Undergrad: 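Quick one: this structure, given as structure tokens, is what I'll be asking you about.
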Amino acid sequence: MTQLNLDKSYWSNRYRACETGWDIGSISTPLKAYIDQLPESAKNSRILIPGAGNAYEAEYLWQQGFRHVFVADIAAEPLENLQNRIPDFPESQLLETDFFHLKGSFDLVIEQTFFCALHPNLRTDYARKMHEIIVPGGKLTGVLFNAPMNSDRPPFGGHADEYRRYFDPYFRYRHFAPCYNSIQPRQGNELFICLERF
């Protein structure tokens, strides 16, 4: 498998060229449903959205009164887009950095198209880093593509059995099943996960 240089420049160029086919323009329905059922006490949680892109999930959380939301992306452009949409979103919670260099700890990490943007040879590192930054008992929740997708460029696909190999050492499975409420173009190709850190 040829490895692209999926660095800051690569992703910035994609945003500048409007080559953002993964961007559905709003929060995904599985994550909206998940957020809508969170208890009021969750509003005190430290929440991270890594590789967030235009971060519609962060925007929705902010609108619902979650104030400890951190958005990380290697490219500046999507962070600027979020700041323009939500001028009062704290700049200190916009993290322009490589996910693998992130510091801090979080109660909840929300996954939406970040995992599939990473080269597959980084998936073990992804699971290990999630274990490092999520507090014991905290959760990694979100959507993974459960389909082959591409082998030479993002989005990179995969399947549930493969993903379990990465997460088994670090997480308990609270939910790990096909999405019932994917948007139409992704129906039958998404897996919803809710993993609790050991």
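Below, all heavy atoms of this structure are taken into account, side chains as well, without hydrogens, waters or symmetry copies. Just so it is clear, the structure is predicted and the values come from calculations on it, not from any experiment. Positions are given from 1 along the sequence.
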Undergrad: With a cut-off of under 6.0 Å to the ring centre and 45° to the axis, is Arg164 in cation-pi contact with Tyr173?
TA: yes
Undergrad: Where do Ala75 and Ser12 come nearest, in terms of heavy atoms and distance?
TA: CB-OG, 3.7 Å
Undergrad: Indicate the ring-plane relationship of Phe89 and Trp62, choosing parallel, tilted or perpendicular according to the 30° and 60° boundaries.
TA: tilted
Undergrad: Between Asn121 and His119, do the side chains contain a donor N or O and an acceptor N or O under 3.5 Å apart?
TA: yes
Undergrad: Is the closest side-chain heavy-atom distance between Phe70 and Leu102 below 4.5 Å?
TA: no
Undergrad: Is a side-chain N or O of Arg123 found less than 3.5 angstrom from the main chain of Arg165, in a donor-acceptor match?
TA: no
Undergrad: Treat each ILVMFWY residue as a node, draw an edge where side-chain heavy atoms are under 4.5 Å apart, and state whether Phe114 and Met149 are in one component.
TA: no
Undergrad: Quick one, Pro155 and Thr113 - any side-chain contact, counting heavy atoms below 4.5 Å?
TA: no
Undergrad: Quick check for you: to the nearest 0.5 Å, what is the distance between Asp73 atom CG and Leu94 atom CG?
TA: 10.5 Å
Undergrad: Just by distance, no angles: are the side chains of Glu80 and Tyr15 close enough, under 3.5 Å, to form a donor-acceptor pair?
TA: no
Undergrad: Please say yes or no: joined through hydrophobic side-chain contacts below 4.5 Å, possibly via intermediate residues, are Leu122 and Val109 part of one cluster?
TA: yes
Undergrad: Is there side-chain contact between Asp125 and Leu118, with at least one heavy-atom pair below 4.5 Å?
TA: no
Undergrad: Between atom CG of Asp98 and atom NZ of Lys8, what is the distance when rounded to the nearest 0.5 Å?
TA: 10.5 Å
Undergrad: What distance separates Asp161 CG from Asn146 CG, expressed to the nearest 0.5 Å?
TA: 9.0 Å
Undergrad: Measure up the His131 and Tyr170 rings against each other and bin them: parallel (under 30°), tilted (30 to 60°), perpendicular (over 60°).
TA: tilted
Undergrad: Kindly indicate whether the side chain of Tyr60, heavy atoms from C-beta on, has any atom under 4.5 Å from the side chain of Asp36.
TA: yes
Undergrad: Looking only at non-hydrogen atoms, find the nearest pair between Arg85 and Ala55 and report the distance.
TA: NH2-O, 3.7 Å
Undergrad: Can you get from Val143 to Tyr166 by hopping between Ile, Leu, Val, Met, Phe, Trp and Tyr side chains that sit under 4.5 Å apart?
TA: no
Undergrad: Can Arg14 and Glu77 be counted as an ion pair, charged N to O under 4.0 angstrom?
TA: no
Undergrad: Between Phe167 and Tyr126, how do the two ring planes meet: parallel, tilted or perpendicular, split at 30° and 60°?
TA: perpendicular
Undergrad: OG/Ser26 to CD/Glu59 distance, rounded to the nearest 0.5 angstrom?
TA: 9.5 Å
Undergrad: Return the minimal non-hydrogen interatomic distance between Ala127 and Phe171, and the atom names on each side.
TA: O-CE1, 4.0 Å
Undergrad: Would you call Leu79 and Gln83 a side-chain contact if the rule is heavy atoms closer than 4.5 Å?
TA: no
Undergrad: Heavy-atom count check: over 12 atoms from other residues, nucleotides or ligands less than 6.0 Å from Tyr180 OH?
TA: no
Undergrad: Group every Ile, Leu, Val, Met, Phe, Trp and Tyr by side-chain heavy-atom contacts under 4.5 Å, then state whether Leu61 and Leu48 land in the same group.
TA: no
Undergrad: Taking Gln37 for the side chain and Pro39 for the main chain, is one N or O donor matched with an acceptor at less than 3.5 Å?
TA: no
Undergrad: Taking the side chain as every heavy atom from C-beta outward, state whether Asn13 and Ser9 have any pair of such atoms under 4.5 Å apart.
TA: yes
Undergrad: With distance as the sole test, does Glu196 use its side chain to make a donor-acceptor pair with the main-chain N or O of Arg172 at under 3.5 Å?
TA: no
Undergrad: Is a donor on one side and an acceptor on the other found under 3.5 Å between the side chain of Lys43 and the backbone of Gln64?
TA: yes
Undergrad: Between atom CG of Leu144 and atom CD of Gln112, what is the distance when rounded to the nearest 0.5 Å?
TA: 9.5 Å
Undergrad: Judged by atom type as modelled, is there a donor-acceptor pair below 3.5 Å linking the side chain of Asn189 to the main-chain atoms of Phe145?
TA: no
Undergrad: Nearest 0.5 Å please: distance from the CG atom of Leu31 over to the CD atom of Glu111.
TA: 9.0 Å
Undergrad: Would you please test Tyr163 and Phe115 for ring pair (Phe, Tyr, Trp, His ring centres under 6.0 Å) and show each step?
TA: CA-CA 10 Å; Tyr163 301 155; Phe115 182 86; 5.2 Å; yes
Undergrad: So with a 6.0 Å cut-off around CD of Glu40, is the heavy-atom count from everything else above 12?
TA: no
Undergrad: Taking side chain to side chain contact (heavy atoms under 4.5 Å, CB included) as the criterion, tell me which of Ile35, Val135, Ile47 meets it with Leu108.
TA: Ile47
Undergrad: Work out which heavy atom in Ile24 is nearest to a heavy atom in Arg186; give both atom names and the distance.
TA: CG2-NH2, 3.6 Å
Undergrad: Could you check whether any side-chain N or O of Asp107 sits under 3.5 Å from a backbone N or O of Arg46, counting only pairs where one atom can act as donor and the other as acceptor?
TA: yes
Undergrad: Between Phe99 and Met130, is any pair of side-chain heavy atoms under 4.5 Å apart?
TA: yes
Undergrad: Check the hydrophobic clustering (I, L, V, M, F, W, Y; side-chain heavy atoms under 4.5 Å; chains of links allowed) and say if Ile110 and Leu195 are grouped together.
TA: no
Undergrad: Could you tell me which non-hydrogen atom of Gly53 sits nearest to which non-hydrogen atom of Pro78, and how far apart they are?
TA: O-CB, 3.0 Å
Undergrad: Mind listing the closest non-hydrogen atom pair of Glu190 and Ser182 along with its distance?
TA: OE1-OG, 2.6 Å
Undergrad: Taking Tyr34 as the fixed residue, which of Thr29, Thr141, Asn181 is the one that meets the side chain to side chain contact (heavy atoms under 4.5 Å, CB included) rule?
TA: Thr141
Undergrad: Is there a side-chain contact between Ser105 and Ile133 (heavy atoms, below 4.5 Å)?
TA: no
